[in-house]
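Have a look at the structure below, then the notes.
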Amino acid sequence: MKVALQDLVAELEQDVSLYEPDQLRQRIEALDRIETCLFHMPRPQDDAAMAEESALQRRVEAISDQMDAANRELYQEIRAEIRRGDGAKRLLAWAKVYDPAVHADYQLNGVGYDYLDALVTGVLQFDEPDSGIAELAPEMVFYQPTPARFIFDLIQCSALNEHDVLIDLGSGLGHVPLVANICTGARCIGIEIEGVYADCARRSAQALDLKQVTFLQQDVRSADLSEGTVFYLYTPFKGGVLRSVLDMLKAEAGKREIRVCTLGPCTDAVLQEPWLKVQGEQIVDQLTLFRSV
Ligand SMILES: C[S@@+](CC[C@H](N)C(=O)[O-])C[C@H]1O[C@@H](n2cnc3c(N)ncnc32)[C@H](O)[C@@H]1O
């Protein structure tokens with residue numbers, strides 16, 4: 001594996017195009033390859049091997065630092081565009097160049113993460129909490145972010161636009177409302193039971209001056225859903241909690257047409273709802289769109 005790392009380092013040192021802003025995917029993939037090689041490196045057995053490894057480590061650090069700096073520059077540029085109210089074009093352009101055929105491995109992983117997640121995390125710059133998270137009640141699902149490519153799918157398949165109000169039911173750190181608002185101008189609301197996550201999401205919105213994104217710390221079962229036109233569920237709860245929320249959504253659908261987007265195992269339960277009609281083909285591990293009937 002040391003040879004593999006040496007070859008990789010030599011290859012990356014030659015590739016000056018890697019530091020151009022639009023080479024984000026190549027940089028993220030190169031950093032992943034470096035990490036895999038480092039993980040499999042044998043321990044050095046003597047002083048000479050140790051010295052050789054230290055020299056290689058320094059070259060790895062130099063390349064990684066340069067790539068991280070190029071990424072940071074790209075994220076800062078996009079953040080400045082978002083603050084000027086002009087972030088949609090750039091983010092949507094990244095989503096458009098996303099080619100699932102090139103990412104067969106990620107697709108095989110179902111809900112795996114890829115360079116679009118690095119982009120979204122880098123741009124939103126969450127000040128991620130690592131403590132103070134309360135244990136969830138049974139039937140409530142722990143936090144896991146929607147992979148970024150599904151946020152762009154959600155925007156496209158629901159035809160989300162500035163006349164909509166998107167409500168993310170169990171919004172975690174807020175990726176979905178933040179990206180959806182930046183890309184479409186739709187008013188977006190995140191409802192999240194964990195206060196630490198809701199605070200963190202609010203700080204991200206404030207730092208980007210996103211006035212049409214709101215985060216509420218609440219149990220969805222006691223939330224006001226009356227403004228929503230599009231509701232998103234990345235399997236935030238199951239069993240009786242999901243049942244209660246589906247009944248609330250059904251009541252909203254009695255007053256106006258709504259769209260519901262799901263990802264993950266909750267989709268099977270939502271498919272059983274007679275007041276919702278699935279739109280298009282239903283594919284495992286992909287986003288599913290429903291319209292109320
Ligand atoms: C799988 S994560 C989804 C996060 C986010 N929607 C996303 O896609 O990036 C589920 C989230 O729902 C939250 N949650 C679970 N039960 C909830 C409830 N009853 N009311 C509000 N939030 C809840 C969890 O704390 C967690 O952050």
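These numbers come from the heavy atoms of this one structure, side chains and all, not from hydrogens, waters or symmetry mates. Numbering of ligands and ligand atoms starts at 1, following listing order.
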Taking only heavy atoms of Asp219 into account, list the atoms of ligand 1 that are under 4.0 Å away from them. 18 (C), 19 (N), 20 (N)

Are Met248 and Leu233 connected in a single hydrophobic cluster, I mean Ile/Leu/Val/Met/Phe/Trp/Tyr linked by side-chain heavy atoms less than 4.5 Å apart? yes

Closest non-hydrogen atom pair, Arg90 against Ile78: CG-CG1, 3.8 Å

Can you find a non-hydrogen atom of Arg221 under 4.0 Å from ligand 1? no

Just to be sure I read this right, does ligand 1 sit under 4.0 Å from the backbone of Pro236, its side chain, both, or neither, counting only heavy atoms? both

Are Ile151 and Tyr75 connected in a single hydrophobic cluster, I mean Ile/Leu/Val/Met/Phe/Trp/Tyr linked by side-chain heavy atoms less than 4.5 Å apart? yes

Does one hydrophobic cluster hold both Val123 and Leu24, with members joined at side-chain heavy-atom distances below 4.5 Å? yes

Thinking salt bridges, do Glu61 and Arg58 make one under a 4.0 Å N-O criterion? no

Under 3.5 Å between any N/O of Ile193 and any N/O of ligand 1: does that happen in this structure? yes

Name the closest protein heavy atom to atom 5 (C) of ligand 1, giving the residue it belongs to and the distance to 0.1 Å. Gly170 O, 3.3 Å

Take Thr146 and Tyr232 through the test side-chain hydrogen bond (donor to acceptor under 3.5 Å, both in side chains) and record every step on the way to the result. CA-CA 11 Å; Thr146 292; Tyr232 177 59; 2.7 Å; yes

At a non-hydrogen distance cut-off of under 4.0 Å, which region of Tyr232 contacts ligand 1 (side chain, backbone, both, or neither)? side chain

N or O pair under 3.5 Å between Val241 and ligand 1: no

Using a strict cut-off of 4.0 Å, indicate which atoms of ligand 1 neighbour a heavy atom of Asp168. 5 (C), 6 (N)

Yes or no on side-chain hydrogen bond (donor to acceptor under 3.5 Å, both in side chains) for Gln26 and Glu20, after CA distance, side-chain angles and deciding distance? CA-CA 10 Å; Gln26 289 78 352; Glu20 288 165 15; over 6 Å; no

Are any of the N/O atoms on Val220, whether in the backbone or the side chain, positioned under 3.5 angstrom from an N/O atom of ligand 1? yes

Scanning both residues in full, the closest heavy-atom pair of Glu139 with Val241 reads OE1-N, 3.3 Å

Would Glu192 count as a contact of ligand 1 if the rule is a heavy atom under 4.0 Å away? yes

Counting heavy atoms under 4.0 Å, the part of Phe237 that contacts ligand 1 is side chain

Specify the protein heavy atom at minimum distance from atom 24 (C) of ligand 1: its residue, its atom name, and the distance to 0.1 Å. Val141 O, 3.3 Å

Locate the shortest heavy-atom distance separating Asp168 from Pro177; write the atom from each residue and the value. OD2-CD, 3.6 Å

Just need the protein heavy atom nearest to atom 1 (C) of ligand 1, so name the residue and atom and give the distance. Tyr234 O, 3.3 Å

Can Leu246 and Arg243 be said to form a side chain to side chain contact (heavy atoms under 4.5 Å, CB included), step by step? CA-CA 5 Å; Leu246 287 173; Arg243 181 67 266 153; 3.7 Å; yes

Close-contact set for ligand 1 against Gln218 heavy atoms, below 4.0 Å: 20 (N), 21 (C)

Polar atom proximity, Thr146 to ligand 1 (N or O, under 3.5 Å): yes

